[in-house]
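Let me begin by presenting the structure, written as structure tokens, before commenting on it.
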Amino acid sequence: MKIVFLGTPDFAVPSLNALINSKHEILAVVCQPDKKVGRAQQVVFSPVKELALKNGLKVLQYNKIRLEGVEELKNLTPDIMISCAYGQILSQDIIDIAPYGIINVHGSLLPKYRGASPVQQSVIDGEKETGITIMQTDIGIDSGDILAVKKTPIYENETAGQLFDRLSVIGAELLIDTLDKIEKGMITPIKQDDSLATHVKMIKKEDALIDWSKSATTIFNLVRGMNPWPVAFTKIADKMLKIYTSTVDSNSVYLDKKDGEVVCADLKNGLIIKCGEGLLKVEELQLEGSKRMSAHDFLLGRKISVGDILG
RNA sequence: CGCGGAGUAGAGCAGUCUGGCAGCUCGUCGGGCUCAUAACCCGGAGGUCGUGUGGUUCGAAUCCCACCUCCGCAA
């Protein structure tokens with residue numbers, strides 16, 4: 001089929017790559033405008049744009065595809081459009097361009113976790129299972145008919161980043177499979193049960209602030225879900241302290257300590273913080289202005305001690 | 001010129017304000033103790049203090065200047 005691909009970040013790269021290596025023809029790749037990134041404010045191409053350019057594909061970037069993209073895309077006469085973490089709201093005009101419409105690769109088991117950050121939120125919520133849903137895009141947010149689903153467990157210690165990587169590969173496989181079935185007319189779209197729908201907003205930095213009155217398990221899940229971005233954080237002496245990895249310590253109990261208090265900070269037992277319920281052992285962290293390091297290395301420098309209160 | 005932190009032994013840091021023998025913890029190597037050990041005791045090695053054939057000074061990790069690199073925030 002003749003395809004227009006809409007996608008931007010790493011998550012979409014395996015899918016685009018799979019399409020490139022398939023029998024299908026990619027007419028154009030649409031992605032978000034280039035952004036200036038980092039301290040130096042250098043312009044960096046998105047991962048999808050990099051891959052597209054490397055393969056000599058036509059790249060289109062719109063500030064607002066709804067306003068700027070309709071005519072140009074229509075003239076390409078695609079059979080189908082595929083979106084995968086593109087990052088812009090689409091309109092009916094866009095949906096109507098291709099005979100097969102737009103199909104979307106989404107990182108959750110719809111109708112749960114509709115919206116912008118399903119993968120991270122699944123980890124934050126401590127879900128045991130998630131997956132990829134490929135759906136027919138309609139005018140709502142991830143509310144269209146389901147074309148294909150593939151489940152996968154969320155592992156005990158898995159971070160959002162690791163899950164992202166796995167799901168993006170699963171998504172790519174399911175996409176190719178689904179395209180073939182669409183072509184052969186073997187797909188029966190299934191309506192979503194809207195009464196079961198949940199929505200997730202874009203993750204913001206402040207969402208990653210640790211609330212030490214929560215349980216250790218909840219915070220452990222937050223740490224996993226916010227890794228690699230924006231990374232769960234707390235404060236120590238008004239400085240930002242990011243926590244990259246942690247474990248729940250169920251060995252001992254400190255009822256007389258405050259939430260967020262350092263109950264242990266030695267090389268033998270590690271860095272342990274009291275939570276609303278249970279204890280969190282910090283494994284990997286980064287202090288503002290400093291490099292990322294293990295809790296062991298951090299303790300060597302003695303920048304924290306028992307009795308300090310975080311948060 | 002967006003704001004700020006940092007560069008000292010393999011690692012993490014102190015020392016810089018107030019210039020005067022290069023320190024701490026861990027690791028590492030050797031020895032000891034032990035049924036045994038990642039535990040404990042003793043000893044050793046390991047540094048052109050980011051770069052400068054820069055400036056000041058009797059003397060610079062420390063003060064001044066220029067540059068490089070890393071990191072947090074903001075965008």
Side-chain angles (χ1 to χ4, degrees), chain A residues 7-12 31-50 61-65 68 85-89 115-117 120 124 157 159-162 164 201-212 219-220 222-252 260-273 279-311:
Chain A
T8 304
D10 289 315
F11 188 74
C31 60
Q32 293 274 46
D34 300 330
K35 282 180 181 168
K36 293 185 174 183
V37 173
R39 257 181 301 276
Q41 293 292 290
Q42 287 176 329
V43 174
V44 178
F45 293 167
S46 68
V48 163
K49 182 172 176 178
E50 290 281 5
Q61 294 170 287
Y62 306 109
N63 287 317
K64 291 210 168 172
I65 189 171
E68 305 162 17
Y86 170 52
Q88 286 194 30
I89 306 279
S117 40
Q120 285 162 308
I124 291 166
N157 285 305
T159 65
Q162 291 162 346
F164 249 110
K201 290 180 177 165
M202 189 101 76
I203 299 272
K204 288 174 293 190
K205 248 177 191 185
E206 56 259 37
D207 297 330
L209 175 64
I210 294 170
D211 177 355
W212 292 105
I219 297 171
F220 166 72
L222 182 77
V223 169
R224 291 192 298 139
M226 292 298 180
N227 180 334
W229 190 91
V231 184
F233 69 96
T234 186
K235 296 268 185 173
I236 177 168
D238 274 334
K239 282 192 172 179
M240 171 168 290
L241 184 70
K242 291 184 174 179
I243 298 180
Y244 282 85
T245 57
S246 67
T247 51
V248 175
D249 183 338
S250 49
N251 294 330
S252 37
E261 184 167 348
V262 177
V263 297
C264 190
D266 59 76
L267 299 172
K268 197 173 166 187
N269 299 303
L271 178 58
I272 300 176
I273 316 297
L279 300 169
L280 191 78
K281 184 175 181 188
V282 179
E283 302 286 356
E284 218 179 347
L285 51 82
Q286 179 174 28
L287 185 63
E288 178 180 326
S290 181
K291 288 182 183 173
R292 174 176 174 172
M293 65 185 76
S294 66
H296 178 270
D297 282 354
F298 187 70
L299 290 170
L300 286 174
R302 300 171 182 173
K303 292 221 164 173
I304 194 167
S305 49
V306 172
D308 288 349
I309 310 280
L310 303 181

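So you know, we letter chains A, B, ... as the sequences are listed, proteins then strands, and number each from 1.
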inquiry  = I'd like the C1' distance from B:rC3 over to B:rG47, given in whole Å.
reply    = 34 Å
request  = Please say whether more than 12 non-hydrogen atoms of neighbouring residues, nucleotides or ligands are located less than 6.0 Å from CG in A:L267.
outcome  = yes
message = Going by the rule salt bridge (Lys or Arg N to Asp or Glu O under 4.0 Å), which residues pair with A:K49 if we only count those two or more places apart in sequence or in a different chain?
response = A:D34
request  = Tell me the partner of B:rC49, counting only Watson-Crick (N1-N3 plus N6-O4 or O6-N4) or G-U wobble (N1-O2 and O6-N3) with both under 3.5 Å; none if nothing fits.
outcome  = none
note = 5' to 3', nucleotides 6-11 of chain B under a 4.0 Å protein heavy-atom cut-off (B base, S sugar-phosphate only, - none) gives -----B
inquiry  = Which nucleotide, if any, forms a Watson-Crick or G-U wobble pair with B:rU57, using both distances under 3.5 Å?
reply    = none
ask   = Are any non-hydrogen side-chain atoms of A:I272 and A:V282 less than 4.5 angstrom apart?
value = no
task = Say whether A:Q61 and A:Q32, considering side chains only, have a donor N or O and an acceptor N or O under 3.5 Å apart.
result = no
note = note: A:E288, atom CD; B:rC70, atom P; distance rounded to Å ~ 19 Å
request  = Using the C1' atoms only, state how far B:rU25 lies from B:rA9, rounded to an integer number of Å.
outcome  = 13 Å
key: Rounded C1' spacing from B:rU69 to B:rU57 in Å   = 29 Å
query = Taking side chain as C-beta onward, heavy atoms only, is A:L299 less than 4.5 Å from A:D266?
reply = no
request  = Using the C1' atom as the reference point in each nucleotide, state the distance between B:rC70 and B:rG32 in Å, no decimals.
outcome  = 43 Å
inquiry  = Expressed as a whole number of angstroms, how long is the span from A:Q32:CD to B:rA75:P?
reply    = 18 Å
inquiry  = I'd like the C1' distance from B:rG4 over to B:rA45, given in whole Å.
reply    = 39 Å
query = How about A:S294 and A:E283: does a side-chain donor come under 3.5 Å of a side-chain acceptor?
reply = no
request  = Measure the distance from CG on A:L267 to P on B:rU25 and round it to the nearest whole Å.
outcome  = 11 Å
key: Length of the NZ-C1' vector between A:K303 and B:rC24, whole Å   = 14 Å
ask   = In the strands shown, is B:rC21 matched to any nucleotide by a Watson-Crick or G-U wobble pair with both distances under 3.5 Å, and which?
value = none
Qualifying residue for side-chain hydrogen bond (donor to acceptor under 3.5 Å, both in side chains) with A:Y244, from A:E284, A:Q286, A:R292 = A:Q286
task = Using heavy atoms to find the nearest nucleotide of RNA chain B for A:R302 and A:K205 separately, return the residue whose nucleotide is more 5′.
result = A:R302
query = Expressed in whole Å, how much space separates the C1' atoms belonging to B:rC42 and B:rG54?
reply = 47 Å
key: C1'-based separation of B:rC21 from B:rU62 [nearest Å]   = 15 Å
note = In whole angstroms, the gap separating P of B:rA74 from NZ of A:K35 amounts to 15 Å
message = Counting C-beta onward and ignoring hydrogens, is there a side-chain heavy-atom pair between A:I219 and A:S246 closer than 4.5 Å?
response = no
inquiry  = Rounding to an integer number of Å, can you tell me how far A:K204 NZ sits from B:rA74 C1'?
reply    = 17 Å
request  = Write down the partner of B:rG2 under the Watson-Crick or G-U wobble criteria, each distance required to be under 3.5 Å.
outcome  = B:rC73
key: 5' priority, RNA chain B, between A:K268 and A:R292 [closest heavy atom]   = A:K268
d(CD1, A:I304; P, B:rC13) in whole Å = 13 Å
request  = Provide, to the nearest angstrom, the distance between the CZ atom belonging to A:F233 and the C1' atom belonging to B:rC71.
outcome  = 17 Å
message = With rounding to the closest Å, how many angstrom separate the P atoms on B:rA14 and B:rG5?
response = 14 Å
key: Proximal nucleotide (of B:rC73, B:rC70, B:rC13) relative to the A:S290 side chain   = B:rC13
